[in-house]
Amino acid sequence: MTSRAADAGQGRVDPRPVIARLREGNGLDQDGARVIAQGLADGSVSDAQAAAFAMAVLLRGLSAEGRTALTAAMRDSGDVLHWDLPGPVVDKHSTGGIGDTVSLVLAPVLAACGAYVPMISGRGLGHTGGTLDKLEAIPGFNCDLSEAAFRRQVREIGCAIVSATADLAPADRRLYAIRDEAACVPSVDLITASILSKKLAAGLDALVMDVKSGSGAFLGSAEEVQDLARSLVATANAAGCRTSAMISDMDQPLARAAGNGLEVREAIAALRGAPSALRDLSLSLAAEVLALVGEEQPLTKVTAALESGHAAEVFARMVAAQGGPADVLDNPDQHLPTAPVIRPIPVPEGYVAQIDAAALGQAVIALGGGRVRAGDAIDHRVGLSGLRRLGEPTEGQIGLVHARTEADADGAIAAVLAAYRITEQPVDPGPLIRDHIKAPAKQGADKIEAGE
Ligand code: URA
Ligand code: CA
């Protein structure tokens, strides 16, 4: 059921020659990648060696082959799931944004189309929200399923959204913390291996990447975003998972809300058929991943799954299976928590010309809806809703702030006002999907399968 690449097992393997080779600009091969990844997982690579490795990669860079070798070795540093299901096993990964609740819509849409979605998600990182934090706004929702329960739910309902166990890509868990301490986070090579090692360990047939671009995105320039998207697509395909990427607009929140419980309400509205950018992007990404597994009319299929109410039904079953109330879809206001203070954010008449989306994310954290330090408690009630989108008239208001206290609301209103630029003339908001990086043709990809 699971496999562990084990050949770094006997005796002590010395990682220093691998690091030295990288330092001299001579790259990383599959054996070297395994020494590092296994050593990160079993403790035989020290923190000092891991930091030196990360810095050598950051400064010297990896070839396409080196990137793939590192990704595959990190994937194989722990459990790798294998599935035997009557449909394709697929997933989406986003590089993180504000008001991005796509997972809650996309997973049930895909399950309603006969695909299987074993979604292993994360918590908020930096100014961006996390899928698990959002789902936990639903009373009783449990993200910590056992592997057996996770497998059963994916088989029976078609989707499950869960937290990672310690056995999933343990090399990345350790390397990510060390990169953070050693100023080695911004490396396309390391980011690629980090993101993909975790996703590919879920045993997917196909993956669509949503790479965010704009003021709320994790990467700054449009060029860096392109580089990362191309690297993710090339590396995932070379490692044996059909993958493509969309580059999508993060110059504004995707949904009209930011904050955990408020975003769940937006996802429920989309599942119930309300038109929105959230709905459009969710359907585009779902269609894209179905196209990767050979579906010929993917957009028609995912749209029908949503409009028929079938996807909403799957969502309700998933919530109930994971401990939440069975009727959250029909009675969201009865189950989702409400903040004690709700106030409008007044602005002059005009049009929304520019939004600092990261600043909105920071405002939600300041309201208590995100973490300053890992392990901080989250208030699922707070955040922003009814947010005006780029190009829209303000009609005198940007949206609503949901806060614990009047003082918190004052602070958030000031922060939102500073994050919005309003003009007298309407502006063009630009496209929701800015680019599409296709998967390479099926033949010819250099596959590196799970370690023997
Ligand atoms: N997200 C990850 O999982 N890893 C990175 O390196 C950056 C973002
Ligand atoms: Ca296991």
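What you see is a predicted model; the values in this text were computed from it and never measured. Quick note: residue numbers are just sequence positions, from 1. Just so you know, ligand 1 is whichever comes first in the structure, and atom 1 is the first atom listed for that ligand.
Close approach of ligand 1 to Ser194 (heavy-atom distance below 4.0 Å) involves ligand atoms 2 (C), 3 (O), 4 (N), 5 (C), 6 (O). Shown in contact with Tyr176 at under 4.0 Å from a heavy atom are these atoms of ligand 1, numbered in order with element: 4 (N), 5 (C), 6 (O), 7 (C). Of all the atoms in ligand 1, the ones that sit under 4.0 Å from a non-hydrogen atom of Lys198 are 2 (C), 3 (O). Annotation for ligand 1: atoms under 4.0 Å from non-hydrogen atoms of Ile195 are 1 (N), 2 (C), 3 (O). Atoms of ligand 1 found under 4.0 Å from any heavy atom of Phe218, numbered from 1 in the order shown, are 7 (C), 8 (C).
Annotation: cation-pi pair Arg155/Trp83 absent, no NZ/CZ under 6.0 Å from the ring centroid and within 45° of its normal.
Ion pairing of Asp133 with Arg371 is present here, as a side-chain N (NZ or NE/NH1/NH2) and a carboxylate O approach within less than 4.0 Å. Look at Glu156 and Arg152 and you find no salt bridge, because none of the NZ, NE, NH1 or NH2 atoms lies under 4.0 Å from a carboxylate O.
The distance criterion of under 3.5 Å between nitrogen or oxygen atoms is not met by Asp172 with respect to ligand 1.
Between Glu266 and Lys134, every side-chain heavy-atom pair lies at or beyond the 4.5 Å cut-off.
Of the possible donor and acceptor atoms, none in the side chain of Arg317 sits under 3.5 Å from a partner among the backbone N and O of Ile157.
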